[in-house]
Amino acid sequence: MFAADALGVELDSSDLRGKVRRGFGWKLLTVFFGQGSQAAVAILLAHLLLPREFGLAGMATAFSGLVLIFSDLGLGLALVQRKTLTEDDRSTVFWINVAAGALLTLLAAALSPVVAAFFHNSRVMPLFAVLCTSFLLTSLGQTQAALLTREMSFRSLELRTIAATLTGAVAALAFALGGFGPWAIIAQVVCTSGASTLLLWTVSPWRPRLVFSRDSFRALGSFGFKTLLIRMLLYVNLNGDNLLIGRYIGSAALGVYSVAYNVMLLPSSRITSPLRDVLYAAFVRLQHDPRRLGEAWLRVNNLAGSLLVPAFLGIAVVAPDLVPAVLGGRWHAAVPVLEVLSLGGAAGSLQAFNGQVYQALGLPGLFLRFMCFAAAVTFGAFVVGLQWGVVGVAASFSISRTIVLVANTVQMSRLIEMSMWRAFRSYVAIAARGGAMAAGVLVARRGLLDVGLGVGPRLVVLILTGVCIYALVTMLAAPEIVRELRTTLRTRIAPA
């Protein structure tokens, strides 16, 4: 949702600037309509399903994330990063992806009893087996998605995302209302994957040929293999907590943690996640000028952090009202988990686009080494935190994210030829503005509790109070952020 001008550099051409601007515009549309509806469905499912049902679905999806990594083999990013492509490159990647997707679907289905045994719950087996079909469905459209991203055809990509998300949402609600419990979440994943691939084949003019080139595979494979390993380590960072909680504490605890984590993730998933493809495609075009790339990274990171850090801190403060008002009384155990997780979300938001810099510079090996460090810190923290239950795991999440942020910033400053203190100063300024807002909301909440205002109205008042306080603080302390946000909101969606 950031205008192309927020990159703070002169892009290589007015055409590229226009593509970036339109890409941000279409991502903005996805945020408000597609992912907004997904958030609404998640809230409805929280009212329709029990914590243990969420936990069962979480057990199935925890391992599916690991298997899904292999269905792409990292070759999609290699297609985007490569300077020139041949038809042999495109078709070779497509057939490798499809073969990997088919093989993984069969292998994962065969291993579903092992997954169930890991969690000591036989109900996970059929859930995981059906979920496996999404691997093949996804692999059939990955090459088309990579080619559209390479061409920065974000209009087609985002319309596909919105339609597929709505399809999965309808399926989830239908299954939940039908009394199918955890199957609602499985249906959502499978239907979203199927609709996404079908629409990709509709909007993409490219069709694979019966061609397989060993030369293309070797040329793309080195980048792809390192990217694959990076994704495996990223999986450990993002899912190690779910695996440990599901294995050692149980489905009900995992359900509480998963719901709190998903609520915590709402700001970043609605802002940073949709923008990574756009920024990666833009960063690739700046790969031969690290200083210009660094300026682009710092400005986008500063703008994203100025939106996300206060959002995470606000969630931590209003969690006691947010959970009962939005999710219902059955999720009261999620309140302390959400409070602690949100602090880690704030730290994570300040490194949301670092991976795109590594990949754009063609340095997956360096990124891989850093991810080894991050995975060791994160998983080790989860193991330690497990001794104090889900709240302990949430605390370990926040601590490990902060440690990784410091190390990541030091590494990033070397790559983009920028003083690391410049980046840290921007972090401190963002945290100070967000902290002032959070303190004001905390004071307001105590006052509203004294007057006996109900939980729903209190939540609304606190959100509005936080927005007003942060807007005022930002206008006074960082007017340049306000100017860039105004430019962003004026971004128009133009024809691709």
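Values below: every heavy atom of this structure, side chains too, minus hydrogens, waters and symmetry copies.
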Note, [X] side chain near [Y] side chain (heavy atom, < 4.5 Å):
X	Y	value
Asn354	Trp297	yes
Leu459	Val326	yes
Leu147	Leu85	yes
Gln351	Val404	yes
Val406	Phe424	yes
Leu462	Val317	no
Val41	Thr165	no
Val203	Leu148	yes

Those residues that, when tested against [X], pass side-chain hydrogen bond (donor to acceptor under 3.5 Å, both in side chains) (two or more places apart):
X	answer
Arg90	none
Thr402	none
Ser413	none
Thr378	Asn237

Interatomic spacing from [atom1] in [X] to [atom2] in [Y] - rounded to 0.5 Å:
X	Y	atom1	atom2	result
Ser139	Leu104	OG	CG	8.5 Å
Asp88	Asp215	CG	CG	8.5 Å
Leu254	Ile249	CG	CD1	9.0 Å
Leu233	Arg369	CG	CZ	13.0 Å
Asp241	Phe379	CG	CZ	9.5 Å
Thr161	Leu200	OG1	CG	7.5 Å

What is the minimum heavy-atom distance between [X] and [Y], and which atoms define it?
X	Y	answer
Gly435	Leu313	N-CD1, 3.8 Å
Gly294	Met418	O-CE, 3.4 Å
Thr92	Ser216	OG1-CB, 4.0 Å
Glu339	Ala316	CG-O, 3.5 Å
Ala163	Leu199	CB-CD1, 3.5 Å
Ala260	Val337	CB-CG1, 3.7 Å

key: Between Thr192 and Gln188, a side-chain donor and acceptor under 3.5 Å   =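 Side chains of Thr192 and Gln188: no pair found under 3.5 Å.
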task = Might you work through the side chain to side chain contact (heavy atoms under 4.5 Å, CB included) test for Asp89 and Ser213, ending with a clear yes or no?
result = CA-CA 7 Å; Asp89 295 333; Ser213 168; 5.9 Å; no
Using ring-ring contact (aromatic ring centres under 6.0 Å, His included) as the criterion, list what pairs up with [X], not counting sequence neighbours.
X	value
Phe382	none
Phe397	Tyr261
Phe373	Phe370

task = Carefully, step by step, assess Leu322 and Ile463 under the rule side chain to side chain contact (heavy atoms under 4.5 Å, CB included).
result = CA-CA 10 Å; Leu322 176 65; Ile463 292 174; 5.8 Å; no
ask   = How are the rings of Trp331 and Phe54 set relative to one another: parallel (under 30°), tilted (30 to 60°) or perpendicular (over 60°)?
value = perpendicular
inquiry  = So does Gly58 get a backbone contact from the side chain of Thr61, meaning a donor-acceptor N/O pair under 3.5 Å?
reply    = yes
ask   = Checking Ser196 side chain against Ser193 main chain: does a donor-acceptor pair fall under 3.5 Å?
value =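 Looks like no, no N/O pair under 3.5 Å.
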note = The side-chain contact (heavy atoms from CB on, under 4.5 Å) partner of Met437 among Ile469, Val467, Val473 is Ile469
query = Can you check side chain to side chain contact (heavy atoms under 4.5 Å, CB included) on Leu293 and Leu361, steps first, answer last?
reply = CA-CA 9 Å; Leu293 177 55; Leu361 290 173; 3.6 Å; yes
key: All pairs passing salt bridge (Lys or Arg N to Asp or Glu O under 4.0 Å) where residues 304-326 contributes a residue, at least two apart   =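 Applying salt bridge (Lys or Arg N to Asp or Glu O under 4.0 Å) to every pair that reaches into residues 304-326, excluding sequence neighbours, yields Asp321-Arg445, Asp321-Arg458.
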Pairs where residues 409-424 contributes a residue and the test salt bridge (Lys or Arg N to Asp or Glu O under 4.0 Å) is met, not counting sequence neighbours =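 Checked against salt bridge (Lys or Arg N to Asp or Glu O under 4.0 Å) - neighbours excluded - the pairs reaching residues 409-424 are Arg291-Glu417, Glu295-Arg422.
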task = Apply side-chain hydrogen bond (donor to acceptor under 3.5 Å, both in side chains) to the pair Asn242 and Tyr257, showing each step before the final yes or no.
result = CA-CA 8 Å; Asn242 293 326; Tyr257 186 87; 5.7 Å; no
request  = For the pair Gln142 and Phe94, evaluate side chain to side chain contact (heavy atoms under 4.5 Å, CB included) and give the outcome as yes or no after the intermediate values.
outcome  = CA-CA 8 Å; Gln142 285 171 325; Phe94 174 82; over 6 Å; no
task = Would you list the pairs meeting side chain to side chain donor-acceptor pair (under 3.5 Å) in which at least one residue belongs to residues 462-471, sequence neighbours left out?
result =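 Found none.
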query = Which pairs, with at least one residue in residues 425-443 and sequence neighbours excluded, count as a side chain to side chain donor-acceptor pair (under 3.5 Å)?
reply = Ser306-Arg433, Thr409-Tyr427
Donor-acceptor contacts under 3.5 Å from residues 342-350 side chains, at least two apart:
{"from": "Ser342", "atom 1": "OG", "to": "Leu338", "atom 2": "O", "distance (Å)": "2.8"}
{"from": "Ser349", "atom 1": "OG", "to": "Ala346", "atom 2": "O", "distance (Å)": "2.7"}

